[in-house]
Amino acid sequence: MGVPEYILRMREHVGHELIWLPSVSAVVRNDAGELLLSRLAYDGRWSVVSGFVEPEEQPASAVVRAVLEETGLEVEPLRLSSAVTHPRTYPNGDRCEYLNLGFRCRLLGGDLRVDDEESPDVRWFAPGRLPDLDEHARMVIRHALGTEVSAYFLPAGMRWGAPGELEHA
(Lines give C-alpha, C1' and ligand atoms only; values in the text may rest on other atoms or scores of the structure.)
Protein backbone atom coordinates (compact mmCIF):
# COMPACT_ATOMS: atom_id res chain seq x y z
CA MET A 1 0.00 0.00 0.00
CA GLY A 2 2.85 2.43 0.65
CA VAL A 3 2.49 5.73 2.45
CA PRO A 4 -1.19 6.69 2.82
CA GLU A 5 -2.37 9.75 0.92
CA TYR A 6 -3.26 11.66 4.10
CA ILE A 7 0.35 11.37 5.34
CA LEU A 8 1.70 12.55 1.97
CA ARG A 9 -0.63 15.59 2.23
CA MET A 10 0.68 16.31 5.77
CA ARG A 11 4.26 16.07 4.53
CA GLU A 12 3.51 18.80 1.94
CA HIS A 13 2.95 21.15 4.88
CA VAL A 14 5.52 19.98 7.45
CA GLY A 15 8.29 18.65 5.25
CA HIS A 16 10.57 16.28 7.18
CA GLU A 17 9.47 17.56 10.62
CA LEU A 18 8.38 15.09 13.28
CA ILE A 19 4.80 13.83 12.98
CA TRP A 20 2.85 11.57 15.34
CA LEU A 21 1.33 8.46 13.74
CA PRO A 22 -0.75 5.56 15.05
CA SER A 23 0.45 2.13 13.92
CA VAL A 24 -0.12 -1.57 14.55
CA SER A 25 2.13 -4.63 14.54
CA ALA A 26 1.11 -8.28 14.18
CA VAL A 27 2.77 -11.29 15.75
CA VAL A 28 1.57 -14.30 13.77
CA ARG A 29 2.62 -17.93 14.11
CA ASN A 30 1.83 -20.86 11.82
CA ASP A 31 1.00 -24.42 12.88
CA ALA A 32 4.73 -25.21 13.11
CA GLY A 33 5.20 -22.36 15.61
CA GLU A 34 7.19 -20.24 13.15
CA LEU A 35 6.91 -16.45 13.24
CA LEU A 36 5.87 -14.34 10.26
CA LEU A 37 8.36 -11.58 9.46
CA SER A 38 8.70 -9.15 6.58
CA ARG A 39 11.76 -7.40 5.18
CA LEU A 40 11.37 -3.63 5.16
CA ALA A 41 11.84 -2.04 1.75
CA TYR A 42 13.39 1.20 3.04
CA ASP A 43 16.26 -0.35 5.04
CA GLY A 44 16.30 -4.10 4.31
CA ARG A 45 15.80 -5.11 7.96
CA TRP A 46 13.41 -7.81 9.08
CA SER A 47 10.50 -6.93 11.36
CA VAL A 48 7.03 -7.96 12.41
CA VAL A 49 4.33 -7.05 9.91
CA SER A 50 3.21 -3.51 10.70
CA GLY A 51 1.09 -0.77 9.22
CA PHE A 52 -0.58 2.58 9.75
CA VAL A 53 -3.98 2.98 11.36
CA GLU A 54 -6.00 4.91 8.79
CA PRO A 55 -8.38 7.73 9.82
CA GLU A 56 -11.72 6.29 11.03
CA GLU A 57 -10.20 2.78 11.28
CA GLN A 58 -10.02 0.75 14.47
CA PRO A 59 -6.59 -0.70 15.38
CA ALA A 60 -7.82 -4.32 15.23
CA SER A 61 -9.16 -3.72 11.72
CA ALA A 62 -5.89 -2.03 10.76
CA VAL A 63 -3.78 -5.02 11.84
CA VAL A 64 -6.01 -7.41 9.83
CA ARG A 65 -5.75 -5.14 6.77
CA ALA A 66 -1.99 -4.61 7.08
CA VAL A 67 -1.25 -8.34 7.27
CA LEU A 68 -3.53 -9.10 4.32
CA GLU A 69 -2.07 -6.30 2.16
CA GLU A 70 1.56 -7.12 2.91
CA THR A 71 1.43 -10.91 3.03
CA GLY A 72 -1.84 -12.24 1.55
CA LEU A 73 -2.63 -13.94 4.86
CA GLU A 74 -5.82 -13.59 6.87
CA VAL A 75 -5.49 -13.19 10.64
CA GLU A 76 -7.64 -12.66 13.68
CA PRO A 77 -6.34 -10.39 16.47
CA LEU A 78 -6.47 -12.34 19.75
CA ARG A 79 -5.22 -9.73 22.18
CA LEU A 80 -3.52 -6.39 22.47
CA SER A 81 -0.07 -7.26 23.79
CA SER A 82 1.88 -3.97 23.79
CA ALA A 83 1.34 -0.24 23.54
CA VAL A 84 4.50 1.86 23.11
CA THR A 85 5.82 4.77 21.11
CA HIS A 86 8.99 4.63 19.09
CA PRO A 87 10.81 7.10 16.83
CA ARG A 88 11.80 6.48 13.24
CA THR A 89 13.80 8.60 10.80
CA TYR A 90 13.58 7.42 7.21
CA PRO A 91 16.40 7.63 4.64
CA ASN A 92 14.67 10.62 2.98
CA GLY A 93 14.79 12.54 6.30
CA ASP A 94 11.12 12.13 7.26
CA ARG A 95 10.78 11.89 11.06
CA CYS A 96 7.93 10.06 12.80
CA GLU A 97 6.99 9.03 16.30
CA TYR A 98 4.76 5.97 16.12
CA LEU A 99 2.23 5.03 18.75
CA ASN A 100 2.42 1.29 18.07
CA LEU A 101 -0.13 -1.23 19.26
CA GLY A 102 1.17 -4.79 19.12
CA PHE A 103 -1.30 -7.64 18.61
CA ARG A 104 -1.00 -11.37 18.99
CA CYS A 105 -2.85 -12.76 15.98
CA ARG A 106 -4.14 -16.16 14.95
CA LEU A 107 -3.53 -17.31 11.38
CA LEU A 108 -6.82 -18.03 9.60
CA GLY A 109 -5.62 -18.79 6.08
CA GLY A 110 -4.57 -17.28 2.79
CA ASP A 111 -1.61 -17.73 0.49
CA LEU A 112 1.70 -16.15 1.45
CA ARG A 113 2.78 -13.56 -1.11
CA VAL A 114 5.08 -10.56 -1.26
CA ASP A 115 4.12 -6.87 -1.60
CA ASP A 116 7.22 -5.54 -3.38
CA GLU A 117 6.47 -1.91 -2.54
CA GLU A 118 6.59 -2.25 1.26
CA SER A 119 7.88 -5.73 2.02
CA PRO A 120 10.08 -7.20 -0.72
CA ASP A 121 10.35 -10.47 1.23
CA VAL A 122 8.02 -12.21 3.68
CA ARG A 123 8.93 -15.47 5.40
CA TRP A 124 8.25 -17.79 8.30
CA PHE A 125 11.10 -18.14 10.82
CA ALA A 126 11.61 -20.70 13.55
CA PRO A 127 11.68 -18.91 16.95
CA GLY A 128 15.29 -19.95 17.58
CA ARG A 129 16.44 -18.83 14.11
CA LEU A 130 15.14 -15.27 13.88
CA PRO A 131 17.13 -12.76 11.82
CA ASP A 132 18.58 -9.64 13.43
CA LEU A 133 15.66 -7.56 14.74
CA ASP A 134 15.66 -4.15 16.40
CA GLU A 135 14.64 -3.83 20.05
CA HIS A 136 11.12 -2.67 19.19
CA ALA A 137 10.39 -5.77 17.06
CA ARG A 138 11.88 -8.05 19.73
CA MET A 139 9.74 -6.35 22.39
CA VAL A 140 6.55 -6.73 20.32
CA ILE A 141 7.27 -10.43 19.78
CA ARG A 142 8.26 -11.06 23.40
CA HIS A 143 5.06 -9.59 24.81
CA ALA A 144 2.75 -11.04 22.17
CA LEU A 145 4.04 -14.53 22.92
CA GLY A 146 4.30 -13.98 26.68
CA THR A 147 1.83 -15.02 29.32
CA GLU A 148 0.84 -11.52 30.46
CA VAL A 149 -2.89 -10.91 30.53
CA SER A 150 -2.57 -7.16 29.98
CA ALA A 151 -0.68 -5.16 27.39
CA TYR A 152 2.92 -4.14 28.03
CA PHE A 153 3.90 -0.48 28.08
CA LEU A 154 7.17 1.28 28.80
CA PRO A 155 7.44 2.29 32.45
CA ALA A 156 7.01 5.98 33.24
CA GLY A 157 10.30 7.77 32.71
CA MET A 158 11.54 5.44 29.94
CA ARG A 159 11.76 6.21 26.21
CA TRP A 160 13.37 4.90 23.05
CA GLY A 161 16.80 6.42 22.59
CA ALA A 162 19.24 5.46 19.87
CA PRO A 163 17.50 3.51 17.12
CA GLY A 164 15.58 0.78 18.91
CA GLU A 165 17.28 1.15 22.32
CA LEU A 166 15.68 2.11 25.65
CA GLU A 167 16.88 4.89 27.92
CA HIS A 168 15.66 6.94 30.90
CA ALA A 169 13.82 10.12 29.91
Side-chain angles (χ1 to χ4, degrees), residues 18-54 57-90 95-110 112 115 118-119 121-169:
L18 180 69
I19 59 175
W20 178 257
L21 296 169
S23 66
V24 291
S25 293
V27 176
V28 183
R29 290 194 300 187
N30 62 17
D31 290 339
E34 297 169 314
L35 290 165
L36 180 66
L37 299 176
S38 64
R39 187 182 294 272
L40 302 172
Y42 67 89
D43 70 0
R45 294 191 69 161
W46 289 94
S47 191
V48 291
V49 177
S50 299
F52 297 105
V53 179
E54 299 281 347
E57 182 178 41
Q58 291 297 317
S61 297
V63 79
V64 169
R65 176 188 49 75
V67 173
L68 182 62
E69 286 177 357
E70 291 187 32
T71 71
L73 300 176
E74 297 174 19
V75 299
E76 173 189 21
L78 297 177
R79 74 176 182 93
L80 178 65
S81 54
S82 59
V84 298
T85 67
H86 68 98
R88 175 82 48 165
T89 300
Y90 290 94
R95 295 178 45 231
C96 302
E97 178 84 17
Y98 288 104
L99 170 57
N100 183 262
L101 303 176
F103 286 88
R104 181 176 183 166
C105 296
R106 180 169 64 99
L107 179 63
L108 298 177
L112 189 63
D115 173 359
E118 284 188 70
S119 304
D121 197 1
V122 179
R123 294 186 205 166
W124 294 103
F125 288 89
R129 303 183 125 231
L130 297 179
D132 183 39
L133 300 169
D134 69 17
E135 178 58 27
H136 178 260
R138 290 191 308 268
M139 182 276 307
V140 170
I141 292 168
R142 183 171 54 252
H143 293 288
L145 300 181
T147 59
E148 302 102 322
V149 293
S150 59
Y152 170 81
F153 52 90
L154 288 178
M158 296 294 291
R159 67 177 183 186
W160 294 101
E165 301 302 322
L166 295 174
E167 63 182 30
H168 288 281

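Every value quoted in this text rests on a predicted model; they were computed, and no experiment measured them. Because only heavy atoms are used, hydrogens play no part in the values below, and waters and symmetry mates are left out as well, while side chains stay in.
- Each salt bridge (charged side-chain N to carboxylate O under 4.0 Å, His left out) pair with one or both residues in residues 75-84, not counting sequence neighbours, appears once here: E76-R106.
- The salt bridge (charged side-chain N to carboxylate O under 4.0 Å, His left out) contacts involving residues 30-40 comprise nothing, where partners must be two or more places apart or lie in separate chains.
- Annotation: salt bridge (charged side-chain N to carboxylate O under 4.0 Å, His left out) contacts of R142 (sequence neighbours excluded): E135.
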Quiz: residues 144-151 side-chain donor-acceptor pairs under 3.5 angstrom, not counting sequence neighbours:
| residue | atom | partner | partner atom | Å |
| --- | --- | --- | --- | --- |
| E148 | OE2 | H143 | ND1 | 2.6 |

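- When the side chain to side chain donor-acceptor pair (under 3.5 Å) test is applied to T89, no partner is found at least two apart in sequence or on another chain.
- Listed by chain and residue number, S50, N100 satisfy the side chain to side chain donor-acceptor pair (under 3.5 Å) test with S25 (two or more places apart in sequence, or in another chain).
- Applying the salt bridge (charged side-chain N to carboxylate O under 4.0 Å, His left out) rule to R88 yields the partners D134; only residues at least two apart in sequence or on another chain are considered.
- Applying the side chain to side chain contact (heavy atoms under 4.5 Å, CB included) test to I19 and every residue at least two apart in sequence or in another chain returns I7, M10, R11, V14, L21, C96.
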- Could you walk me through whether L35 and V28 pass the side-chain contact (heavy atoms from CB on, under 4.5 Å) check? CA-CA 6 Å; L35 290 165; V28 183; over 6 Å; no

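- Taking the ring centroids of Y98 and W20, they lie at or beyond the 6.0 Å cut-off.
- For E57, the side chain to side chain donor-acceptor pair (under 3.5 Å) partners are R65, not counting sequence neighbours.
- Under the ring pair (Phe, Tyr, Trp, His ring centres under 6.0 Å) criterion, no residue pair touches residues 58-81, with sequence neighbours excluded.
- Considering only residues two or more places apart in sequence or on other chains, Y90 meets the ring-ring contact (aromatic ring centres under 6.0 Å, His included) condition with Y42.
- Taking 4.5 Å as the limit, every side-chain heavy atom of N30 sits out of range of all side-chain heavy atoms of L36.
- If you take CG on L154 and OG1 on T85, they are separated by 6.5 Å, rounding to the nearest 0.5 Å.
- The CG atom of D132 sits 7.0 Å away from atom CZ of R138, with the distance rounded to the nearest 0.5 Å.
- Side-chain contact between Y152 and V84 is present, with heavy atoms from C-beta onward closer than 4.5 Å.
- Minimum interatomic distance between S82 and V140 (heavy atoms only, all atoms of both residues): OG-CG2, 4.1 Å.
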